[in-house]
Visitor: 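Structure below; questions to follow.
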Amino acid sequence: MDKRTFLKTTAIVSAGFLLKPDEILGFNSASDVVGNQVITEFTLPKLAYSYDALEPHIDKMTMEIHHSKHHQAYITKLNEALASSTNESYKKSSLETLLANISEKDVAIRNHGGGHYNHSLFWTLLTPTTKPINEKLLTLINAKFGSFDNFKDAFTKEALSRFGSGWVWLNFDNKNGLSIVSTPNQDNPLMTSIYKEFSNTTHLLCLDVWEHAYYLKYQNKRADYVKAFWNLVNWEEVGKRMS
Ligand code: MN
């Protein structure tokens, strides 16, 4: 039984009560019952820090618009797309399962579901109180890239060469070790039905390189935004994703 199914089942026995959100990484859903009809929808996860906490690297207004407007819009449109979808299995899936099985043809769910997942994850990977990277990950980075600075250069290069909007990822798999890739739009490494190469891959770190993530402060200077990002990486959280 996945979490959304559990929430639905629980919703039936506790009819009329709004249930606590599933807060695993913020990929939450809330369920309620109207008559005999169970309504399940995704809701905006709270941030672990205030909108101005990432200043001066990411400014308050960017964070506020990014979270409360852009991220919320992905969630609203994802809920609408799921409500009008004829694919019943999509409606019963957790967000992760939904994205793993998404078809290229389901453009709205792919874009808005990806948008909800990517932003929910991204917020957890930022922190105003960054700590040193953990030893295990640093060892892997040194083995693959030669040094931590080389790794940052490679990640930055990928961020700058991603044309248009997209995301940069640090992935890990047992065969190849660490790798840096980018995806267009709101696609992500969970979408293994579309991107076979991401099967058996864990994504450890991500960076939003859409202009809405940096334009107010950095305008066209994406490189400056990426440079600032290194001051905010939540290495503790990245480390947890490895284990
Ligand atoms: Mn964004």
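All values below come from the heavy atoms of this structure, side chains included, with hydrogens, waters and symmetry mates left out. All ligand and atom numbering here is 1-based and tracks the order in the structure.
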Visitor: Would you confirm whether the ring centroid of His116 sits within less than 6.0 angstrom of the ring centroid of Tyr74?
Guide: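 No - the distance between ring centres of Tyr74 and His116 does not fall below the 6.0 Å cut-off.
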Visitor: What number of protein N, O or S atoms occur at distances under 2.8 Å from the Mn ion (ligand 1)?
Guide: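 Excluding waters, the total comes to 4.
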Visitor: Run the ring-centre check on Tyr117 versus His203 and record whether the distance is less than 6.0 Å.
Guide: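 So the answer is yes for these two rings.
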Visitor: Show the nearest heavy-atom pair for residues Leu205 and Phe151, with the distance to one decimal.
Guide: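 In this case the closest contact between Leu205 and Phe151 is CD2-CZ, 4.4 Å.
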Visitor: Less than 4.5 Å apart, any side-chain heavy atom of Trp230 and any of Thr130?
Guide: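 The answer is no, as the side chains (C-beta and beyond) never meet within the 4.5 Å cut-off.
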Visitor: With ring-ring contact (aromatic ring centres under 6.0 Å, His included) as the test, would you mind laying out the steps for Tyr51 and His67 before giving the verdict?
Guide: CA-CA 9 Å; Tyr51 287 137; His67 178 255; 5.7 Å; yes
Visitor: Please go through Ile65's hydrophobic cluster and name the other residues, only I, L, V, M, F, W, Y counting, with side-chain heavy atoms under 4.5 Å joining them.
Guide: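 Ile65 clusters with Met61, Leu216.
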